[in-house]
Amino acid sequence: MRLYHVALHEIGRRKTRTAYTASGIVISVALLVASIIVAIAGQKDIVLIINRYGHSLTIFPATSTETTLKGFGIGSGQYIPESALPAIREVYDSAIKSGWEARGGWVMEPGAPGGVELLQPATFAPRLYEETTIRDRHAVIAGVDPEAEYKSRFWWEVETGKLVSRPDEVMAGSVFGKITGVNLGDRVEINGHSLKLVGVLRETDSPDDYMIFGVLSTVQEIFGKQGLISMINVRAMCNYCPVGDAEVALNKTVVGVRATSQRELALAQHTIFRNVTNVILGFVALSFVIACMAMFNMVLGTIHGRLREIGLFKVLGASRGQLMRLFTYEAVMMGLLGGIVGYLLGYAMASWIAPWLIPGTTVEFTWWHPVLAVLAAITCSILATLYPAFFASRIRAAEAFRAL
Amino acid sequence: MSSNMIVQLIGVSKRYQTRWEIVNAIEEANLEICQDDYIAIMGPSGSGKTTLLNLLGGIDRPSGGELRLEGERIDTLGERALLEIRRHKIGFVFQEARLLPSLTAIENVLLPTVFWSARAGDETDRALELLDKVGITRRAHHLVHELSGGEAQRVCIARALLTTPRLVLADEPTGNLDYSTRTDIIALIERLLATRGGAIVIVTHDAEVAARAKRRFLMHEGRLIDATRIH
């Protein structure tokens, strides 16, 4: 028989007291786990937004109503001439390069011998939006440059069929497909032109779901808007490209267009979320301190009630170190118990809170969460037991014997 | 000094400082305990009986005089050395059995091995042998609450004998037992003493128990009086 067997038996015997003593730790660990899981789910959601849109720039014709119609930037009657694209690209590239260098980045000039172009050229995906009627329903058609569009909308997935690639083809957003009842292979009449539906996109939770897509040149021809586009999606091909610099440069330099970036907004949201998370974790830390203090009081009280037991151990030859170890083992076991129960409770709380706080989020199991929960609980438990154990070990054998 | 001398008290005294006064718990006590001694100490409450047991067991240190165990002075030893003495040379039996309720009878007998400095070998066979000697083998794996008062006291005696101590100190070992069980326990202690050697000191209020001892002492206001010849 070893000392930890004695500790284990004692813990087992004092089930109610153990549960009561560990309850503070259970609550603190549950709060810690729930906060971390929810925070990570929230951060992932924001990072997803940043990844999708954060490194992109949207360029509209400069008009005060560019985003008023259905939120698509459609119907303003303003267009950007396609011929302005090279100038826009030049301003954009120059701003990105100088911004990158200003932040200490290294730019390899294109074509340098043996070098690699660290800054990949951005993808410019022009779109022309027009309103039309398809099968007696009001519809928005977007003319796109397929190659650039698929790079820009890298998250697009086809539900059925394929992506549009030929001038006589169209592709439907998921909601558009359901509403109009168009099927793969159907001919769609647009302004007297018959186009073949070759694919339906999977839902993207964006305005794209309500549109139908054709090749840019075809849409320009159908609506008599040759050489004109409604907007340009610019996708920077690096995670840390200073898109904000390009936005400022375009708005200052190119007359007739207005560039907007969601990066700053997403980053601000990211910062707010991180700060709120830190504050919550601060409260959790405070709850750990309170749990430690409560446990300290309870263990100290328990030791006064266990004087006879301590006396017996002393009389049987227990050293101070052995008594300290006995109480520490009990603390570790209580911590282990508190950590496991607290983790399960925290996971359950997070599973309930996360989808409510961040719609569409699912809580995922990560191996280090239970490890962290158990370590935090054991540390708290040991800290709370340290002084009471020291106190118990210092009780003189004669005093303890008198208690028998 | 006789070669079978186990403990020797030479002019031992013990004083306590309370808030108001100095209490002389033991005054100039002289006692020699030899191999096979069976000593009973009687006296009213507060007369110093338990204090004397504490001194004999290395639980407390005397304020004056000399205390020798097997010829070696132990009143000057440090806590660590006294610990080793308590672990291996002294056995304790208490008024209430003082068993850990979370452990079985055999685990309680094995409890002292948990505190041994060197890694204890498997003492289970020895513990079973002792439980057999005290007559409760069939209760070896029962929890404490499943034992009667007499059975619990037998476990306590088996625990005290695990290390084959030179001296067994029993503080009112029959205090909470009925007449029949009390007689059984005392008979058991006497039988074990006769078979395994060593010495036993019993503190008791029970004149009948004391009368069975080879030597009897009376504690009165801190003084140890030889009462062997007093009837």
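First the proteins, then the strands, lettered A, B, ... as listed; each starts at 1. The shown structure was predicted, so the numbers you read here are calculated from the model rather than taken from an experiment.
With a 4.5 Å cut-off on non-hydrogen atoms, B/Ile90 does not touch chain A at all.
For the side-chain contact (heavy atoms from CB on, under 4.5 Å) criterion with B/Pro173, the lone passing option out of B/Ile157, B/Ile202, B/Val203, B/Val209 is B/Ile202. Across B/Lys14, B/Arg223, B/Arg15, a single residue satisfies salt bridge (charged side-chain N to carboxylate O under 4.0 Å, His left out) together with B/Glu27, and that is B/Arg223.
The closest side-chain donor-acceptor pair between B/His142 and B/Arg139 falls under 3.5 angstrom.
Put simply, the side chain of A/Glu309 does not reach to within 4.5 Å of the side chain of B/Arg98, judged on heavy atoms.
Most heavy-atom pairs under 4.5 Å with chain A: of the set B/Leu110, B/Leu111, B/Leu82, B/Ile85, this distinction falls to B/Leu111.
The line from CG of B/Leu103 to CG of B/Leu143 is 8.5 Å long, rounded to the nearest 0.5 Å. Considering CG of B/Leu167 and CD1 of B/Ile200, their distance stands at 8.5 Å, rounded to 0.5 Å.
Heavy-atom proximity under 4.5 angstrom to chain B picks out nothing from residues 369-394 of chain A.
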Should A/Arg306 and A/Glu330 be marked as a salt bridge (charged side-chain N to carboxylate O under 4.0 Å, His left out) after you check the CA-CA gap, both sets of side-chain angles, and the distance that decides it?
CA-CA 14 Å; A/Arg306 289 171 72 179; A/Glu330 288 186 17; 2.8 Å; yes
